[in-house]
Visitor: 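Before anything else, here's the structure in question.
Just so you know, these numbers come straight off a predicted model, no measurement behind them. These numbers come from the heavy atoms of this one structure, side chains and all, not from hydrogens, waters or symmetry mates. By convention in this document, chain letters (A, B, ...) are assigned in the order of the sequence lines, proteins followed by strands, and residues within each chain are numbered from 1.
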Amino acid sequence: MTKKQHNFSLRDFLFTYGFLLVLLLVIVYFSVTAPSFFSMNAAMSILHTAAPLLIIASGLAFVIMTKRIDISVGSIAYLSAAIGALMISRMGLPIPLAVVSMLVLSCLMGVLNGFFVVILNVNPMIATFGTQLAFRGIGLLLTNSMVVSLPRSIRFLGNKKVGPIYIDILFSLFILLIMMLIHSRTQFGRQVVAIGNDISIAEKLGIKEKRISFFAYVVCGLMAGIGAIIMSLQVGSVTPTSGTSYEFTAIAMLVIGGVSLYGGEGTILPGVLIGGITLAVIETGLNYIGASVYVYSFVRGGVIFVSMFADSLKTQVKPKVKIMEDEPTTVSNAQ
Amino acid sequence: GEEKTVKVCVSWNEKVHSLIQAWQDYMEMYAKELEPTTGIKYEWIVNVANGDANLQNNNIQDCINQKVDYIVARAQDSGTIGASIKAAEEAGIPFITFDRASTSGDPTAHVGEDGYLQARSTAEAFAKLLKDNGIEGKCIELQGDLLDNTAVLRHKAWAEVEKELGAWTTVAEVPTEWKPEKFYQGALNALQANPDANCMYVASDFAFSSVENALSAVDKDAPTGDPKHIWIAADDINPMGYEAMVNGIIDVGTTWEAYSVSVLLVDTLNKMVNGEPYEKVNLISGRLATPENVQTLEYLYSTDPKYAD
Amino acid sequence: MTIPYLKMDGIAKSFPGVQALKNVTFEASQGEILALVGANGAGKSTLMNVLGGNIEPNSGKIYINGKEVRISSPSDAAANGIAFVHQEMAMLPTMSIADTMYISSFPYKHGLIDYKTIYQRCRVVLKRLGCNFDPRERIRNISPGDQQMVEIGRALLHDPQIIIFDEPTSSLTSREKEHLFEVIRTLKQEGSVIIYISHFLDEVFSLCDRVMVLRNGETAGGGLVSEYTNRDIVKMMIGEKEIDTYYERSEHRAGEEIMRVKGIYRSGVINDISFSLRKGEVVGLWGQLGSGRTEVARALVGLDPIDGGTISIKMGDQMMPVKQSETKKYIGMITENRREEGLLLPMSVCNNMSLANLTNLTKKKPFSSVIDSKLENSETDKYVKRMDIKISSQAQRVETLSGGNQQKVIIGRWLQKNPPIYIMDEPTRGLDVGAKADIRRIISDLAEQGAGILVISSEIEEIMSVSDRYLVMKRGSIVAEFGSNASKEDLVATATGAASKKE
Amino acid sequence: MSILNSGVTQQLSKKDSKEAADIYWTRYLPYIVLVVVFAAVSIFVPYFLTISNLLSVLLQTASLAILAIGQAAVLILGGIDLSMPGVMALGSIFGAMYMRAGGNPVLGAVIMLLVPAALGLINGISVSYFGMIPFVVTLAMQAITIGAATMITNQISIPVPENFCNAMLTKIGGIPLPIIIVLILTLFLQFAVTKTYYGRWLYSTGTNMRTSRVSGVPTKKVVLAAYSFAGLMGGLAAIIMTSRLYAASPQMGKDAVAMDIIASAAVGGVSTMGGVGTAVNAVIGAIIITLISNVMNMANVSYYLTLVIKGIIIITFVAIDANSRKKSTK
Ligand SMILES: Nc1ncnc2c1ncn2[C@@H]1O[C@H](COP(=O)(O)OP(=O)(O)OP(=O)(O)O)[C@@H](O)[C@H]1O
Ligand SMILES: Nc1ncnc2c1ncn2[C@@H]1O[C@H](COP(=O)(O)OP(=O)(O)OP(=O)(O)O)[C@@H](O)[C@H]1O
Ligand SMILES: [Mg+2]
Ligand SMILES: [Mg+2]
């Protein structure tokens, strides 16, 4: 019953990051069918495409790790982006001030979600569905359903490059890195995972469950706000449909990346990153090979299904129970 | 004449576009203007269906139950609006399809634009433009949401003109579902996958900043005359498209006539109320716009400060 | 006498419907091990939860070293040098051992958790408990016994002055148990206050210095352990009348064979299990913790898969092989974890007791899937009475019952169904002596009425007081079989391997 | 009264019910609010309280109510089905294609029923036998079915024969057939779920799957049945919706509809945590959700506000329900 080393298990690794393999296969497939796919440019645009959603997904990951959910992230992104854009182009506020207010607002929306879910005990799915409707309604009301464009002076940031790399890629990797550290190297991050293991055990261990879970929603809101900045810079404007169905894309990224909806499981790096890239590779690849629009949703569903199937195998193949007893006896199994 | 109050139910399929607000406002405005002369006072009952065909059917049913005098509907799905048309007919309420024609029932009248002719006019002008400049086009087509009949018609017109006139070949068809981020990502990917592409058709310019951003990402966001310029045909002349056309990024497009269509609707309604003869199908074809004439076009909702920033 | 290091004075606590503690006063000194005993629901855990900051008492004061302290959260308790090893382990399966130990408060360095220090400290603490595992190992990869050690390790992290052990041995092997006792004795020598809660009086006698008995939320007595006998303590726990049943031993007449198991195995878990069970006999499945008894029981009713082997059950007058998924129809299974697998906690006593028997409680023909609620109520009533289950009404939710009554509800469920075979895995785990005796009596009655029963228990006295025959398991195999005349030594020796050559 | 309660809390003893009295009235809040709103609206909105409007509201509710009933079965198990819209759309499309090809309308209706039921069965197998997470399985199923629906139809709705629609919309005693179907279905299910052992199995599995399994409840089959039943209800809703729209439309499958279905069940008092709720709850919820938009239409409320108000109403209902339940289990 003694273990010498933290032993590396290939099986565990495959199950956790098995999607790396699938990812590789997908890349190979697209590279063969569309030669231009296998290029630096394509790689960059994949990451570029994934950048805003990666950030949003990393925030959502915290909520999901507490075994809850937030399907309002798309609307949070829209409302905060819309307000930010209105401040800049209608009210002419200085950009830094607008950005700060945007982030504060997105936090507040997270606070609202946290309030409903954690304090009022509303089922997370229903509560955030309610706020999803309400936030978008408010955004449409404020913009009068208009496309609000960002001034040209800042639009260039959306595809500014350092060398061959878009700055938003660097930025989102930086955010992911910070989120990774928060997740794995801070008490907040660890307690989030503990809550996801079991709320009542977490409480018994002296974790302020409500406070931490509440804060997870705030973080999630904040990340939706940050993702919204990149999103609107890329597009150069905020349209009434910005952010629609982001929640499901983000959830798909997380699921593919091994963040379990049962809570307590998963990593930001490499998990969320791999999940996000896999999804982006597939969509970009379909773009490159000129697939019909109708195929997209079908393929996406299939990929989610397959990755979940793999995940279910992981839980089905229980680790073989080790037989362990007191006296180590030299007598072979007496029968 | 004497005062007459008429209740009109307007059923919008969704409201995530300022164009819809513009339509609504122009209808009300124009009807108000005419009120003193015609003596017809309109009461507008507006509902929105959230992009859900079934909900739109319900909403129209609600209007019927409120005993409105006329129903105007922009269909979410041309293939299912027929059910509402039938229900209205049974209740004896005239039904006008607006903007999107029905493929599933016969309304009292239709008022709208001709999406096919619009796109065709753009495509033909574009073909001429390319030929005049001696360019063999390799075009990227940014399609709309093929759920939307207008998007389908635009695609159809584009493909037909391509075949008929042979001024370009389409090297990439990019579906966008009318989503700005898909316009951006799709355009960017297509531009990278086809570095030799020299022209582009954008099915609607409502989120043209996405396309411009994609262009500038590959360093091709340049006005006509610049060697880096990509020839662009884009329909609608929405606020962003207007700006881009003024800047010479979009070379040709056909307007989406929010004001004229609303006017046409109210005129048709007035005729119905007064029992005068009216056309069953009332189509407006947009005006061809180019960087040269776009600033002189009147009644462009894109230049109305209420709908553009 | 000097002032005691710890004093809890006049503690009272009521839950909706129960007065769990009524004015309890409690003292403990440094360098002593104090046993806290009492029947189920006597209030032991509640009292200790008050001390550990998990429960706010309605009244009462706590003094440490003569000074009054306020403890309103687990962190207050920790700050006062109090550590708590909970009755139910608080493990975080997806997290590492180190995380699980430090989760409520991590040391930081440069703004991030200082894992280097943590790992070092974990290794030291676990080493002291005789464990050698890597602190980065995930909890779900270690055995329940090891998890218990982690639980204890967590309590020892911050060198506490007062350590509460609430039934720490229920998932430890005897060697682990001995080791734990040594650690506890060392802690005592270092001058800690140790409070030890246990239902095992032998542990109390071998480990503890002083004993305090709670009954119905009140102090029922206490003093130096050496001044009491086993019987004295039991008497204080459950009152005068019920002790007689305590050491009952019954014999049953075994009838014809009713179940035959042949060569069932699951690779790496159980090997070649063969035995038979007769009507009216109680077979004790004995072995050390982790020898695979539970696995056998679960395999027999199809809760865990098997790789091969056959199970035959008597039908009419023939033994028929039965598919693993079908055996549930003939076997009443009582699992070892009643909260997770035994009860529908938020549902009523009635719904719980009829659960296995619903298809027999229906109305006549055209409505043969409609439950006859009168019949359901009367059947429930019958078994509530027969087993003397203490409930306020059939509609009472089982989560509000005490452990012993909960266990009786589960047994009652099967009595209602009346299968020919029963498998009972640790049927008295966590129950007090009174409840234990009741359940043994029920087992005996069942055998008398002709049922075949397989009982698993980790308590040798218990298994010896009910069984007519013994199967001994070791490392997933049955290694020996004994008749009713087997001695305690026979069983222990074969199970531990000391005499494994003996047939 | 007990038939209105969920299967969990049964026949309260006198003592228990006294204790629970202050908690219990909040459980009926959805019903109370329903009545109050109803009264208020009837006074202030002309035409609301007309037989034709009320029947029309009920007819509008029919498909949502059926979907919510199906969803409730899955929610009671502690699961969720996000794929109902897509599954419904695909069933409708297959049935309509069959009829367009000259098939018999009755068989067409059977196809509309069975295709969704089969897809529900796949959901059920994935959840029960492969242990996959319901949320993700059904999310994937929604993406796949909606993808398939659009691929098959090229986004163009498929008309169905009028006799099919007229048959579905016939009025019996002035009441449209779908309303009668919902009524009968609800009564039947309410009975089945509260009075039969199948219902008891559903609640016990939703309350504690492992206990139920040990006690001989065929839990895997229960799960399978619940998801298949949800699919089947998707099929029934497909028939009704198709006949109301005179066409099978891939648009029936919009993702957003799934949340409306779940919200209906939840607003009516079906717990999304499992173990609590009945068919009546689901139907009441569906009526409330439909009434929200009906009332806002009648009152000519701005669309944007409609969204905000709907969000607030949903949260409020569920918050009240969650908290009254929490108190009562304390
Ligand atoms: N959270 C609670 N809510 C309601 N009643 C409770 C709660 N916790 C404990 N009780 C009740 O308080 C009484 C004392 O329980 P406690 O857990 O302290 O007993 P115990 O002596 O530790 O028993 P055991 O030996 O079974 O562990 C019991 O009647 C129990 O049902
Ligand atoms: N929940 C669990 N997680 C991991 N390992 C377990 C678990 N339960 C038992 N084991 C391990 O499985 C093996 C066989 O255990 P099993 O429960 O069948 O034996 P047992 O003799 O019944 O012991 P116990 O008295 O603990 O029930 C042992 O090594 C044990 O440590
Ligand atoms: Mg206890
Ligand atoms: Mg066991």
Visitor: Identify, with sequence neighbours excluded, every residue that meets salt bridge (charged side-chain N to carboxylate O under 4.0 Å, His left out) alongside Lys220(B).
Guide: none
Visitor: Which bit of Leu233(A) is near chain B, if near means a heavy-atom gap under 4.5 Å: side chain, backbone, both or neither?
Guide: backbone
Visitor: Trp178(B) and Thr241(A): which non-hydrogen atoms are nearest, and at how many Å?
Guide: O-OG1, 4.2 Å
Visitor: Please report the interatomic distance NZ(Lys179(B)) to OG(Ser242(A)), rounded to the nearest 0.5 Å.
Guide: 10.5 Å
Visitor: Write down the atom of Glu181(B), the atom of Val235(A), and the distance for their closest heavy-atom approach.
Guide: CA-CG2, 3.9 Å
Visitor: Is there a side-chain contact between Arg152(A) and Asn247(B), using heavy atoms and a 4.5 Å cut-off?
Guide: yes
Visitor: Heavy-atom distances under 4.5 Å only: say whether Tyr78(A) touches chain B with side chain, backbone, both or neither.
Guide: neither
Visitor: Report yes if the side chains of Val16(B) and Leu140(A) come closer than 4.5 Å at any heavy-atom pair, otherwise no.
Guide: yes
Visitor: Please flag which part of Glu212(B) lies under 4.5 Å from any non-hydrogen atom of chain A: side chain, backbone, both or neither.
Guide: side chain
Visitor: Taking only residues at least two apart or on different chains, which pairs with a member in residues 184-204 of chain B satisfy salt bridge (Lys or Arg N to Asp or Glu O under 4.0 Å)?
Guide: Lys138(B)-Asp196(B)
Visitor: Taking all non-hydrogen atoms of both residues, which atom of Val147(A) and which atom of Phe206(B) are closest, and how far apart?
Guide: CG2-O, 3.7 Å
Visitor: Determine the minimum heavy-atom distance between Ser209(B) and Gly236(A), stating which atoms define it.
Guide: OG-C, 3.4 Å
Visitor: Output the residues of residues 154-163 of chain A for which the shortest heavy-atom distance to chain B is under 4.5 Å, in residue-number order; output 'none' if no such residue exists.
Guide: Arg155(A), Gly158(A), Asn159(A), Lys161(A)
Visitor: Side chains of Thr284(A) and Gln185(B), heavy atoms from C-beta outward: is any pair under 4.5 Å?
Guide: no
Visitor: Name the member of Asn189(B), Leu188(B), Val174(B), Asn50(B) that forms the most heavy-atom pairs with chain A at distances under 4.5 Å.
Guide: Asn189(B)
Visitor: Answer with side chain, backbone, both or neither: which region of Ala214(B) has an atom nearer than 4.5 Å to a non-hydrogen atom of chain A?
Guide: backbone
Visitor: Can a side-chain donor-acceptor contact be found between Gln21(B) and Ser145(A) if the only test is distance below 3.5 angstrom?
Guide: no
Visitor: Name the region of Ala172(B), side chain, backbone, both or neither, that has any atom closer than 4.5 Å to a heavy atom of chain A.
Guide: neither
Visitor: Can you tell me which residue pairs pass the salt bridge (Lys or Arg N to Asp or Glu O under 4.0 Å) test with a partner in residues 43-59 of chain A, sequence neighbours excluded?
Guide: none
